[in-house]
Number of protein chains: 2
Amino acid sequence: MEPATPPPAPAATSLGTGVASYYGRRFHGRRTANGERFNMNEMTAAHRTLPFGSRVRVTNTSNGQSVIVRINDRGPFIRGREIDVSRAAAEEIGMIRRGHSNVELELLDS
Amino acid sequence: MEPATPPPAPAATSLGTGVASYYGRRFHGRRTANGERFNMNEMTAAHRTLPFGSRVRVTNTSNGQSVIVRINDRGPFIRGREIDVSRAAAEEIGMIRRGHSNVELELLDS
């Protein structure tokens, strides 16, 4: 059998670095900016300007862990914060205890 | 009659600056990377990594003129070039004579 060739890595456009925070229980089930229900267990995030549906790789620069989230909400509206990820995404990159972290953002093309 | 309120300006994510080149007659009618026919008279552009369908505002930093293009192709593959716009888009921002120009890129969310 032909070895299954892995799909090509998605092309990534660097969006620079910033501070991420996360949101969870308090918003679970509430309406997001694009009309969905926020689900803290899904890999989603809020960003002030990226198109809804954008897939963004969020890398915690302090431990190198990364997660891919889908933008379905607007925010955070706190100065100095670049992205607000769901609780589940925050767990993936070891951000829960501190509540925020420096991250690198990359827009993926698939 | 209620004055028609203009649609809100699209949210823009800055992608930084770079050098733009343009392509036209030689590629007119050829297949683009996302399977369309390249049309030098449409407002489209090639970028190495942005998702196909992305709407990008390209601003010529030497004259402030800007155009909104849709990414439907991959390239340019010349070092130091960030985006390759269609001939029609190049005309909009006064780039034809020099053939290339410094531009600012912003990803629009609508």
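Chain A is the first sequence line, chain B the second, and so forth, proteins listed ahead of strands; every chain is numbered from 1. Below, each value reflects all heavy atoms present in this structure, side chains not excepted, and no hydrogens, waters or symmetry copies. Given the structure is predicted, the values throughout are model-derived calculations rather than measurements.
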Note, A:M95 side chain near A:S101 side chain (heavy atom, < 4.5 Å):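 Touching, per the 4.5 Å side-chain cut-off.
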Salt-bridge present (A:E36, A:R70; N to O < 4.0 Å):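 Here A:E36 pairs with A:R70 in a salt bridge, since their nearest N and O are under 4.0 Å apart.
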Cationic N near anionic O, under 4.0 Å, B:E82 to B:R48: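 Here B:E82 pairs with B:R48 in a salt bridge, since their nearest N and O are under 4.0 Å apart.
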Region of A:R74 in contact with chain B, defined by heavy-atom distances below 4.5 Å: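 Just its side chain gets close to chain B.
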Heavy-atom contact with chain B under 4.5 Å, split by part of A:L15: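 The side chain, not the backbone.
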Residue part contacting chain A, namely of B:L108, when any heavy atom lies under 4.5 Å: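 The answer is the backbone of B:L108.
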Side-chain donor-acceptor contact under 3.5 Å, B:N102 with B:T61: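 Side chains of B:N102 and B:T61: no pair found under 3.5 Å.
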